[in-house]
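Computed from a predicted model, the values in this text were never measured in an experiment. Naming: A, B, ... by sequence-line order, numbering from 1 per chain.
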Amino acid sequence: MRKMLTIISNVLRGSASRNGAELVSEGARVVVSARTYADFTPQATFDIKKCDVHKLEEGPPLQATLTREEGLQYYRTMQTIRRMELKADQLYKQKIIRGFCHLYDGQEACAVGIEGGINLSDHLITAYRAHGYTLTRGGTVREIMAELTGRRGGIAKGKGGSMHMYTKHFYGGNGIVGAQVPLGAGVALACKYQGNNELCVCLYGDGAANQGQIFETYNMASLWKLPCIFICENNKYGMGTSVERASASTDYYKRGDFIPGLRVDGMDVLCVREATKFAADHCRSGKGPILMELQTYRYHGHSMSDPGVSYRTREEIQEVRSKSDPISLLKDRMLSNNMASVEELKEIDVEVRKEIEDGAQFSTTDPEPPLDDLCNHIFYNNPPLEVRGTNPWTKLKSVS
Amino acid sequence: MAASRLFWRTSGVKSSLTGLTGGVHSSLGLTLLKLYPDCTAKPKTQRRHAAHFTFHPDPVTTQYGPTQKMNLFQSVTSALDNTLASDPTAVIFGEDVAFGGVFRCTVGLRDKYGKDRVFNTPLCEQGIVGFGIGAAVAGATAIAEIQFADYIYPAFDQIVNEAAKYRYRSGNMFDCGKLTIRSPWGCVGHGSLYHSQSPEAFFAHCPGIKIVVPRGPVQAKGLLLSCIDDQNPCIFFEPKILYRAAVEQVPTEAYHIPLSQAEVLQEGSDLTLVAWGTQVHVMREVAAMAQEKLGVSCELIDLQTILPWDKETVCKSVVKTGRLLVSHEAPVTGGFAAEISSTVQVRSRSHESEIDQGLLPECVLCRRSVSSTWRLPSVGFVGMIRPSRTSLSPSTSQISGSASRPSSA
């Protein structure tokens with residue numbers, strides 16, 4: 001392509017010496033502007049890893065089709081999550097974000113891929129590593145970052161923080177791991193009951209996979225054929241405990257026993273998307289729940305107080321970063337198939353950076369919620385309830 | 001410390017003791033509020049109010065042998081070390097205890113005693129406690145760790161329905177007395193909803209288990225060793241904010257501090273203060289300020305064991321002073337202070353005593369910040385009793401007025 005450009009521009013320059021300088025710039029401009037969308041491949045099909053299956057005749061397709069628009073959108077969203085998490089890391093170290101903060105970088109393909117396989121009208125619930133999902137489910141960067149810093153512009157009005165973010169059809173953001181799974185099954189029951197063809201995605205981690213309530217949920221969901229996709233995000237470590245040391249069986253996709261399961265490469269956004277689509281079809285066709293294990297990896301430690309290197313080696317983290325980084329994988333695919341240009345992706349990076357900076361600015365300058373908000377929403381009550389404050393002569397009001 | 005400061009700065013106001021505790025409380029309060037505008041409902045700025053208290057170490061004790069400087073988590077490690085050394089059936093298990101635990105309470109124990117005695121469990125509290133009960137019933141000294149008291153609820157059924165009732169329902173044939181559950185407890189400043197809770201009141205409602213909360217390293221080691229040796233299942237809550245902040249000279253050998261015995265830390269004549277865990281140190285400060293600014297002499301009691309609690313010491317103290325104030329971190333409604341105040345009330349011979357809620361005593365409440373920027377209203381104290389007669393009978397069998405003795409059958 002470039003060689004051809006050089007030849008053409010030389011020819012034009014040659015002709016310009018005869019016709020004057022203006023022609024050259026005209027010609028050059030024409031040549032440059034022609035090198036846009038028409039030259040990009042609108043769509044390409046990629047081979048994706050085969051998913052291991054459990055109690056299923058066949059798994060998701062081995063090939064995925066990606067359009068240019070989809071690719072750019074996935075790239076943008078994953079890059080936004082990545083940059084947002086890194087910014088949160090920075091703000092935490094500056095003590096602007098306090099409390100607990102569990103970062104999602106490395107696992108972006110899971111959030112983006114899942115969203116690619118379901119509709120915004122479907123439902124999703126996860127545990128505390130929720131910033132990525134809050135974004136894919138419709139939250140904005142500003143709202144998320146303001147919630148992290150506890151300001152009134154935050155998605156939970158500044159009262160939830162990192163672990164408690166919610167948006168429409170996204171039920172959080174839950175602190176006690178495992179507890180969100182029966183909740184998700186309940187949402188799935190509501191979907192089935194209302195007959196709206198929606199489903200619920202219930203996420204949990206490899207650590208939480210050993211909680212009793214999850215097995216109770218498997219039984220209920222299967223018995224009542226609830227449209228529930230159970231997804232275990234296996235990032236190999238439950239806090240600091242590796243999966244081999246915590247689980248008798250690390251085949252998390254088989255743990256549902258009577259529930260069919262899939263083991264998916266969670267670092268490949270297309271693999272996750274195809275598997276989610278497959279799972280969603282399974283649920284929507286009334287066959288009942290299905291279980292997916294996403295094999296993924298987190299670059300940061302469990303939370304900001306965990307350096308993340310006492311139970312795994314830096315080499316391991318580096319290896320995953322270099323070989324299986326979800327954003328790099330997508331980028332390489334798109335570039336090698338001429339679906340986007342390096343400059344275009346760089347432009348997206350710049351826009352994302354700007355969006356994050358703007359979000360960070362908002363999150364640091366937005367005021368904290370007013371004291372009047374402190375006790376609201378304890379109960380649903382009408383008329384307002386009086387709550388004893390820490391200051392004995394100030395009774396706070398709780399309205400809901 | 002805004003609340004306490006607010007109260008005690010009224011040195012200009014020469015209120016008599018009755019004035020302080022009498023019906024003028026609400027107007028006094030409002031007056032003080034006007035004097036100190038930073039305690040109004042409107043926050044002026046986005047100031048951070050970090051939790052404030054000063055740890056008051058106990059004086060060095062010589063009765064238990066040589067001592068070493070230790071903080072709270074080190075004193076817990078020392079107690080566990082003593083136990084593993086002397087009791088071959090002792091095992092320690094919980095989430096992440098093998099590498100030393102998230103609060104370093106079990107550092108070095110696995111290397112010293114082996115991986116079959118100090119081991120990790122998966123993430124399953126119900127399983128941990130259930131497993132612990134079984135191990136204890138079979139004869140092992142089982143020391144289970146629940147990583148945060150906030151996570152203890154999946155195990156609530158096991159504790160209340162299985163552990164507490166085992167001895168009773170088997171007619172003393174079986175028991176899980178060798179079970180001890182240890183858990184970090186209480187607020188820490190940045191813990192928010194799920195790393196700050198004080199659930200002792202939930203378990204206080206359950207006969208059959210013992211609940212203990214130490215105020216510092218020396219107490220922690222002695223009380224923990226007593227819990228481990230006690231023939232009943234015990235829950236030992238360790239105030240997490242004190243893990244590093246509390247440093248004392250702790251005896252290196254094993255020693256026991258008896259359970260169900262409250263400790264009178266400071267004698268006084270005007271008011272009895274009862275607290276446990278971190279609050280004891282706040283109360284100490286309050287007692288000092290009360291003495292200095294108002295000439296009020298406070299008797300400070302550390303309850304130590306929540307269940308079964310030392311009713312005699314508290315009641316005896318209230319007989320002496322005539323006033324009781326209890327302060328704790330947990331929510332006010334149904335908090336353990338309600339139980340204490342109602343028991344003291346019942347034991348009072350006088351029918352005219354009443355429990356004043358929402359009074360002056362609230363002003364010496366602990367102002368714990370449960371979340372990083374907000375002071376949640378879950379802290380608190382609860383009741384102040386003013387029996388109009390100062391005698392409290394130790395038994396409840398006497399009713400004033402004529403009481404005819406039932407004829408012996």
Looking only at the side chains, is there a donor atom on one of [X] and [Y] sitting less than 3.5 Å from an acceptor on the other?
X        : Y        : value
B:Ser183 : B:Tyr151 : no
B:Tyr153 : B:Gln197 : yes
A:Gln90  : A:Lys93  : no

Requested in this report: Begin with the C-alpha distance, continue with both residues' side-chain angles, and end with the deciding distance and a verdict on salt bridge (charged side-chain N to carboxylate O under 4.0 Å, His left out) for A:Asp373 and A:Lys159.
Outcome: CA-CA 9 Å; A:Asp373 256 4; A:Lys159 287 166 75 169; 5.7 Å; no
Query raised in the report: Within residues 95-105 of chain B, which positions have a heavy-atom distance to chain A below 4.5 Å?
Result: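 So the qualifying residues are B:Asp96, B:Val102.
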Report task. Heavy atoms only, distances under 4.5 angstrom: which of A:Ile176, A:Asp306, A:Thr241 has the most pairs with chain B? Name it, please. Result ->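 When all of A:Ile176, A:Asp306, A:Thr241 are compared, A:Ile176 has the most.
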Query raised in the report: Do side-chain atoms of A:Arg152 reach the backbone of A:Glu368 as a donor and acceptor pair under 3.5 angstrom?
Result: yes
Requested in this report: Output yes when a side-chain donor or acceptor of A:Ser400 lies under 3.5 Å from a complementary backbone atom of A:Phe379, and no otherwise.
Outcome: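 Here the side-chain-to-backbone pair exists.
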**Report entry** Results of side chain to side chain contact (heavy atoms under 4.5 Å, CB included) for A:Tyr166 - residues two or more places apart only
**Finding:** A:His164, A:Asn174
Query raised in the report: Does anything in residues 291-299 of chain A get under 4.5 Å of chain B by heavy atoms, and if so which residues?
Result: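 Residues of residues 291-299 of chain A touching chain B at under 4.5 Å: none.
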Report summary line: What one should report as the nearest heavy-atom pair of A:Val181 and A:Thr217 is O-CG2, 3.6 Å
Query raised in the report: Which pairs with one or both residues in residues 114-134 of chain B pass side-chain hydrogen bond (donor to acceptor under 3.5 Å, both in side chains), sequence neighbours excluded?
Result: A:Gln211-B:Glu125
Query raised in the report: Would A:His131 and A:Tyr104 count as a close aromatic pair, with their ring centres under 6.0 Å?
Result: no
